[in-house]
There are 2 protein chains.
Amino acid sequence: MTHTQHDYAAAIRKQGFRMTPQREMILDAVCEAGGHTTVDEIYSRLHARAPAVNRSTVYRTLEFLQEMHLVVAAEIGGQCVYEIAHAQPHHHLHCLVCGANIEISQEALVAAFAAIEREHGFAVATDHLVLTGACRACRETPA
Amino acid sequence: MTHTQHDYAAAIRKQGFRMTPQREMILDAVCEAGGHTTVDEIYSRLHARAPAVNRSTVYRTLEFLQEMHLVVAAEIGGQCVYEIAHAQPHHHLHCLVCGANIEISQEALVAAFAAIEREHGFAVATDHLVLTGACRACRETPA
DNA sequence: ATTACTGCAAAGGATTTGCATGTGA
DNA sequence: TCACATGCAAATCCTTTGCAGTAAT
């Protein structure tokens with residue numbers, strides 16, 4: 001199954017560029033990963049399916065897909081991670097114990113951002129934050 | 001003037017390691033920078049004062065100082081930045097327009113973190129967050 | 001028929017490592 | 001003294017780039 005509901009091909013063509021098998025496979029790979037993926041993970045998936053595809057194509061395509069606003073990037077612990085762009089801004093909770101990745105809505109943080117704006121006059125524009133810590137399961141199961 | 005109030009030398013020796021001129025100069029360089037510094041900035045400062053010091057020493061020392069809990073690292077826009085470890089956790093507001101770096105206390109975010117814990121059972125342990133956006137000055141002075 | 005896109009290989013930059021020498025305790 | 005640290009140079013890793021060939025529209 002592919003990502004056809006969103007018709008990424010149309011979105012790309014509308015902006016005057018081309019849909020290619022490589023771009024499709026890379027979009028698939030990012031979709032399949034569910035949450036955050038790294039360049040290496042994407043490349044591995046891709047390479048299993050189409051060994052000829054080059055690493056530089058992965059880099060170039062990820063950059064391209066970001067410009068198309070189909071993919072967004074973030075940083076977790078010095079690592080660059082990618083995911084399919086959502087309509088709404090959202091954030092992530094990353095469990096340091098088990099590695100789980102929980103997605104949360106912007107709402108949990110709007111109040112905090114509003115407080116910062118009130119106190120410091122600073123308009124927070126972060127729309128893809130990663131908070132680290134310990135998830136429920138890991139807290140209830142002490143090592 | 002150096003950073004003697006904190007007596008970093010003692011802290012290092014207490015853990016069974018040695019204070020050296022290089023480590024002292026690197027600590028000084030991080031102190032002088034005020035807030036966040038990069039490897040390059042540190043190296044430049046250092047090189048001006050002691051041209052013989054090697055880049056790899058800077059890398060090794062920064063890693064060492066992190067293990068000693070004298071320095072902490074964070075990521076801003078893909079760049080690794082360092083600063084002197086504070087007693088209390090705190091966060092930063094990084095202006096994308098002018099590059100200003102505003103330090104804020106943990107308090108502004110504790111409510112948000114508590115809400116996340118309530119809703120998701122997730123204990124946020126992030127103690128050095130960087131929020132990007134636009135600072136007061138830049139918002140009041142439209143380009 | 002165009003011209004965007006890809007693969008390849010090489011370049012580039014940042015960081016790490018091995019080893020001999022130097023130095024703090 | 002002697003293990004810890006440093007300098008140096010080479011190795012390594014990740015990412016980018018130039019170019020010629022390929023393929024999407």
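Protein chains get the first letters and strands the later ones, always in sequence-line order, with residue 1 at the start of each. What's counted below: heavy atoms across the whole structure, side chains too, no hydrogens, waters or symmetry copies.
Here the OG1 atom belonging to Thr61(B) is positioned 9.5 Å from the CE atom belonging to Met25(B), to the nearest 0.5 angstrom. Annotation: the span from Thr141(A) atom OG1 to Arg136(A) atom CZ amounts to 12.0 Å, rounded to 0.5 Å.
Rounded to whole angstrom, the span from the CG atom of Leu62(B) across to the C1' atom of dT6(D) amounts to 15 Å. One can place OH of Tyr43(B) at 15 Å from P of dT6(D), the figure rounded to the nearest angstrom. Straight-line distance from the CD atom of Gln15(A) to the P atom of dT3(C): 20 Å, rounded to whole Å. Per the geometry, CE belonging to Met25(B) stands 15 Å off P belonging to dA5(D), to the nearest Å. Distance Ile42(A) CD1 to dC14(D) P: 15 Å, rounded to the nearest Å.
Not a single salt bridge (charged side-chain N to carboxylate O under 4.0 Å, His left out) links Arg60(B) to another residue, sequence neighbours left out. Residues meeting the salt bridge (charged side-chain N to carboxylate O under 4.0 Å, His left out) test with Glu117(A), sequence neighbours left out: Arg139(B). Arg55(A) pairs by the salt bridge (charged side-chain N to carboxylate O under 4.0 Å, His left out) definition with Asp40(A), not counting sequence neighbours.
For dG7(D), the OP1/OP2 oxygens have a side-chain nitrogen or oxygen of Thr57(B) closer than 4.0 Å. Put simply, Gln22(A) has a side-chain N or O that comes within less than 4.0 Å of OP1 or OP2 on dG7(C).
Between its opening and closing five pairs, the helix from dA1(C)-dT25(D) to dA25(C)-dT1(D) changes axis direction by 40°, a value rounded to 10 degrees.
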Mark up nucleotides 20-25 of chain D, 5' to 3', with B wherever a protein heavy atom is under 4.0 angstrom from a base atom, S wherever such an atom reaches only the sugar-phosphate, and - elsewhere. ---BBS
Can you give one letter per nucleotide of nucleotides 9-20 of chain C, 5' to 3': B if a protein heavy atom sits under 4.0 Å from the base, S if only from the sugar-phosphate, - if neither? -----SSBBB--
Could you go through the side-chain contact (heavy atoms from CB on, under 4.5 Å) check for Phe113(A) and Leu131(B) one step at a time? CA-CA 9 Å; Phe113(A) 291 174; Leu131(B) 300 174; 4.1 Å; yes
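Only one option out of His94(B), Glu103(B), His92(B), Glu41(B) pairs with His36(B) in a side-chain hydrogen bond (donor to acceptor under 3.5 Å, both in side chains); it is His92(B).
Judged by distance alone, the side chains of His91(B) and Glu107(B) never bring a donor and an acceptor atom under 3.5 Å apart.
A cation-pi arrangement is found for Arg23(A) relative to Phe64(A), the charged atom lying closer than 6.0 Å to the ring centre and inside a 45° cone about the ring normal.
When all heavy atoms of Cys135(B) and Phe122(A) are compared, the closest pair comes out as CA-CD1, 3.5 Å.
Applying the 6.0 Å contact sphere to CD of Glu63(B) captures no more than 12 heavy atoms from other residues, nucleotides or ligands.
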